[in-house]
Undergrad: 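Mind looking over this structure? Questions follow.
By convention in this document, chain letters (A, B, ...) are assigned in the order of the sequence lines, proteins followed by strands, and residues within each chain are numbered from 1.
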2 protein chains.
Amino acid sequence: MATLNRPGDGDGHLCGIDTAMEVIGGKWKVLILWALHEGPERRFGELRRMVPGITEKVLASHLREMEADGIVRRVSYDEVPPRVEYGLTKAGVRLNDALEPLAAWGREVQERRGPEGAP
Amino acid sequence: MATLNRPGDGDGHLCGIDTAMEVIGGKWKVLILWALHEGPERRFGELRRMVPGITEKVLASHLREMEADGIVRRVSYDEVPPRVEYGLTKAGVRLNDALEPLAAWGREVQERRGPEGAP
DNA sequence: CTGAATCCTTTACGATACTG
DNA sequence: CAGTATCGTAAAGGATTCAG
């Protein structure tokens with residue numbers, strides 16, 4: 001992504017938010033993050049059930065990207081039938097914590113426009 | 001977006017983060033938000049210069065969506081040549097504040113993988 | 001069970017030209 | 001100056017099938 005030019009900044013100001021947005025930019029990533037949050041290690045099928053609507057392909061590719069970004073740890077046990085468990089790295093936990101104020105903001109606006117949304 | 005099913009939640013848990021992600025989901029929205037942050041009201045052309053790379057069409061549509069989401073306030077002065085000024089609403093300011101920890105996280109990982117990125 | 005492979009659809013975004 | 005209108009593209013995601 002690009003950086004921002006603000007009059008005060010002689011050079012491009014590294015706001016950092018763009019980096020974070022790239023990491024959580026996928027359609028389901030924050031949901032996966034949330035699913036992994038403060039829970040035990042989760043298996044693939046478990047995650048698939050926890051994030052209803054996601055397809056296997058997208059779940060798999062998102063998990064791979066998140067692993068590459070260093071926020072998800074993948075542990076594969078050499079068994080049959082195969083067993084793979086996913087968890088958060090330290091960076092993933094910190095990311096999740098950093099997401100909490102944003103979640104609070106979202107809950108706030110949900111309540112504010114809540115009265116209508118419920119038939 | 002969907003909500004999350006965690007074993008503990010009997011019903012879909014409203015994590016709120018999905019709501020926030022929809023609001024800031026556009027490719028340039030956080031940058032626009034950042035540009036509007038703690039500054040004076042900004043004019044359209046000013047924003048276009050502050051967010052290099054964005055096209056007029058996308059800037060306009062993003063601004064309209066952000067206004068509809070209640071985070072941006074648009075004031076149009078009936079002059080010629082036309083003058084329009086954009087600023088953040090209270091909700092917009094709170095959203096920006098809620099984004100700060102995420103930005104800090106981004107800066108942190110930038111530094112961590114920083115040493116290589118500089119030729 | 002955990003995926004990879006393939007094909008298809010959607011849509012957000014980009015480029016350009018034009019207008020009150 | 002502050003946009004709108006059109007058109008085109010690329011990338012993300014969805015549906016389905018197959019495999020170790």
Undergrad: Can you name the residues that form a salt bridge (Lys or Arg N to Asp or Glu O under 4.0 Å) with B:Glu41, not counting sequence neighbours?
TA: B:Arg73
Undergrad: For a 4.0 angstrom threshold against heavy atoms of chain A, report the outermost contacting nucleotides of DNA chain C in 5' to 3' order.
TA: C:dC1 to C:dC7
Undergrad: Mind checking B:Arg48 for me? I need base, sugar-phosphate or nothing, with any heavy atom below 4.0 Å counting as a touch.
TA: nothing
Undergrad: Determine, for nucleotides 8-20 of chain D in 5'-to-3' order, which nucleotides have protein heavy atoms under 4.0 Å from the base (write B), from only the sugar-phosphate (write S), or from neither (write -).
TA: -----BBB----B
Undergrad: Which residue is it: A:Arg48, A:Arg42, A:Arg43? I am looking for the one with a salt bridge (charged side-chain N to carboxylate O under 4.0 Å, His left out) to A:Glu46.
TA: A:Arg42
Undergrad: Would you say the side chain of A:Val93 lies within less than 4.5 Å of the side chain of A:Ile71, judging by non-hydrogen atoms?
TA: no
Undergrad: Any side-chain heavy atom of B:Asn96 within less than 4.5 Å of one from B:Glu38?
TA: no
Undergrad: Is there a salt bridge (charged side-chain N to carboxylate O under 4.0 Å, His left out) between B:Lys29 and B:Glu22 once you walk through the steps?
TA: CA-CA 10 Å; B:Lys29 285 187 182 172; B:Glu22 281 172 8; over 6 Å; no
Undergrad: Want to settle it: does A:Pro81 or A:Ala60 sit nearer the 5' end of DNA chain C, counting the closest nucleotide to each?
TA: A:Pro81
Undergrad: Between D:dG3 and B:Arg64, is there an OP1 or OP2 to side-chain N/O distance shorter than 4.0 Å?
TA: no
Undergrad: Taking the hydrophobic residues Ile, Leu, Val, Met, Phe, Trp and Tyr, and joining any pair whose side-chain heavy atoms are under 4.5 Å apart, which ones share a cluster with A:Val75?
TA: A:Tyr77
Undergrad: How far apart are the closest heavy atoms of B:Trp28 and B:His62, and which atoms are they?
TA: N-CE1, 3.4 Å
Undergrad: For B:Arg43 and D:dC1, what is the distance between atoms CZ and C1' respectively, to the nearest whole Å?
TA: 7 Å
Undergrad: Under 4.0 Å between a side-chain nitrogen and a carboxylate oxygen: does that hold for A:Glu108 and A:Arg112?
TA: yes
Undergrad: So what does A:Tyr86 hit on the nucleic acid, given a heavy-atom distance under 4.0 Å: a base, only sugar-phosphate, or nothing?
TA: sugar-phosphate
Undergrad: Taking the axis from the first five pairs and the axis from the last five, what angle separates them in the helix from C:dC1-D:dG20 to C:dG20-D:dC1, rounded to 10 degrees?
TA: 50°
Undergrad: Testing the basics here: between A:Val51 and A:Ile54, what is the closest heavy-atom pair and its distance to 0.1 Å?
TA: O-CG2, 3.0 Å
Undergrad: Can you check whether A:Ile17 reaches B:Leu33 side chain to side chain, under 4.5 Å on heavy atoms?
TA: no
Undergrad: Tell me who clusters with A:Val80, hydrophobic residues only, linked when side chains sit under 4.5 Å apart either directly or through other members.
TA: none
